[in-house]
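As the structure lists them, so they are numbered: ligands from 1, and atoms in each ligand from 1. Only a predicted model underlies this, so the values are computations on that prediction, with no experimental measurement involved.
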Amino acid sequence: MVKKYILFIVLTLFIITAVKSQDTYLGDGPFNQMILRGAMLINGNGAPPIGPVDIVVENKKIVAIKTVGFPGVQIDDTKRPKLQSGGKEIDCKGMYVLPGFIDMHGHIGGVAQGADSEYVFKLWMAHGVTTVREPSGRGLDWTLNLKKLSKKNKIVAPRVIAYTGFGQGSKDPISTPEQAREWVRNNAKKGADGIKFFGAEPEIMTAALDENKKLGLGSACHHAQMSVARWNVLHSARAGLTSMEHWYGLPEALFDDRTVQDYPLDYNYQNEQHRFEEAGKLWEQAAKPYSEHWNKVMNELIELDFTLDPTFNIYEASRDLHRARRAEWHEDYTLPSLWKFYQPSKISHGSYWHDWGTEQEIAWKRNFKLWMTFINEYKNRGGRVTAGSDSGFIFQLYGFAFIRELELLREAGFHPLEVIRAATLNGAEALKMDNLIGSIEIGKMADFVVVEENPLKNFKVLYGTGAIRLTEDNEVVRVGGVKYTIKDGIIYDAKRLLADVKKMVDEAKAKEGFELKQPGN
Ligand SMILES: [Zn+2]
């Protein structure tokens with residue numbers, strides 16, 4: 001019965017999506033040959049920008065990267081790669097070219113949020129995201145279908161890496177190691193790329209991770225409070241988990257004078273304010289930065305080749321609700337259904353603003369500092385940190401939130417080039433796809449972000465709404481916004497995708513006479 005109901009919803013959504021489809025635009029290409037001319041290249045491996053370079057792509061793959069001159073010196077055209085007939089040239093003079101971004105934590109919309117895949121995908125693609133790891137969504141079949149459509153270029157979408165929520169689709173809750181192993185084998189058989197865990201009892205986690213590791217699939221875990229006292233990040237990493245999401249389970253691994261979080265005695269995990277307010281005091285309960293225990297845990301995680309995917313941005317409203325709530329893109333790009341989902345609620349996940357004020361925000365600011373100190377030092381000691389967004393909750397909008405994540409990695413102490421590497425090559429490595437994507441190298445797929453400004457100087461130029469600048473003539477202008485997102489050798493006009501999203505939002509608003517208002521007004 002439940003299955004039939006889900007099928008009905010999926011079909012209905014599919015039909016609605018098909019009927020509502022705003023724009024049949026599927027990008028341009030791929031071409032037998034494509035040359036990006038005269039670009040400033042940021043290759044994603046931590047190297048500084050270099051240019052002008054010509055990047056040559058043949059049949060979706062990079063075949064040549066040629067430095068063609070010096071700054072301020074006329075380029076000698078005779079020494080440049082030649083355009084073949086049927087080839088496509090893009091003039092990238094003065095523009096920056098980066099590897100396509102990898103969002104390691106991207107839920108493809110949600111039923112409760114009323115965000116369908118077309119809306120979400122276009123927002124991601126408009127912000128340079130060419131690969132997304134879906135950490136459990138509406139079911140594996142649904143995700144695998146989108147993955148296939150994306151691969152065949154039948155829809156505008158990033159490359160989809162499908163992780164299934166542990167136990168998703170199982171008739172009964174998984175309560176024995178044997179059941180866990182069987183579910184993991186089935187998940188692989190069905191074609192999933194990995195598993196997203198939310199924590200479970202130790203014997204279940206051990207069995208599931210062991211089986212999954214044998215099959216060579218990826219794994220991610222949000223160590224939720226209900227199981228974390230017995231199984232934290234360190235247990236997971238030792239058992240073979242490949243990446244942790246957010247930060248839960250890490251302070252718990254760092255406890256040196258307690259074994260459970262200092263829960264107030266009237267705490268209830270079903271109360272979203274309890275959950276998020278108390279989480280904001282958690283890092284202060286962990287071992288102090290650079291203490292013996294802190295060092296020991298960090299070093300062991302690095303030795304285990306464990307990936308941290310912090311998703312800083314999704315917690316930003318906890319330290320500055322006003323900022324997240326009033327972000328300028330909400331007016332044009334946030335769907336009415338999504339806006340309603342964000343409002344204070346006892347039911348919606350992450351809408352914990354029952355009574356959120358100065359005290360909660362200050363606690364969270366301290367929480368962020370300790371958390372960022374760990375993440376930055378983890379990177380400094382050779383640990384892998386990736387960029388993930390987890391949008392669709394807590395006032396964080398798809399695509400925009402990914403760029404905000406880059407800014408927060410910068411705030412944590414990363415050099416802008418380290419930020420770019422986290423958002424590209426590190427993600428590819430964590431997905432074991434660094435032979436194909438993650439940096440601009442010969443032999444890799446043609447996934448690029450092209451922008452008219454220098455993103456290293458200001459990541460805000462990557463926001464769809466651009467960055468604000470005052471001209472010599474005292475005129476206020478907007479600069480930047482990704483110009484082209486190129487995936488698998490197909491060129492997408494990022495601004496056209498954004499215009500399409502705005503149209504979807506305008507239509508949804510007109511239909512219900514919606515006006516975006518702040519909570520309680
Ligand atoms: Zn998530």
Open item on the list: Report whether any nitrogen, oxygen or sulfur of His107 sits less than 2.8 Å from the Zn ion (ligand 1) (N, O or S, backbone or side chain).
Closed with: yes

Task: the Zn ion (ligand 1) to nearest N/O/S of His105 below 2.8 Å - done: yes

Open item on the list: Less than 6.0 angstrom from the centroid, inside 45 degrees of the normal: does Arg325 satisfy that with respect to the ring of Phe395?
Closed with: no

Task: Ile174 and its side chain to side chain contact (heavy atoms under 4.5 Å, CB included) partner, picked from Arg181, Glu182, Gln179, Glu201 - done: Gln179

Open item on the list: For Lys340, is the NZ atom crowded, meaning more than 12 foreign heavy atoms sit under 6.0 Å from it?
Closed with: yes

Task: Candidate list Trp371, Tyr315, Tyr378, Trp247, test side chain to side chain contact (heavy atoms under 4.5 Å, CB included), partner Pro310, passing option - done: Trp371

Task: the Zn ion (ligand 1) to Asp390: nearest N/O/S atom name - done: OD1

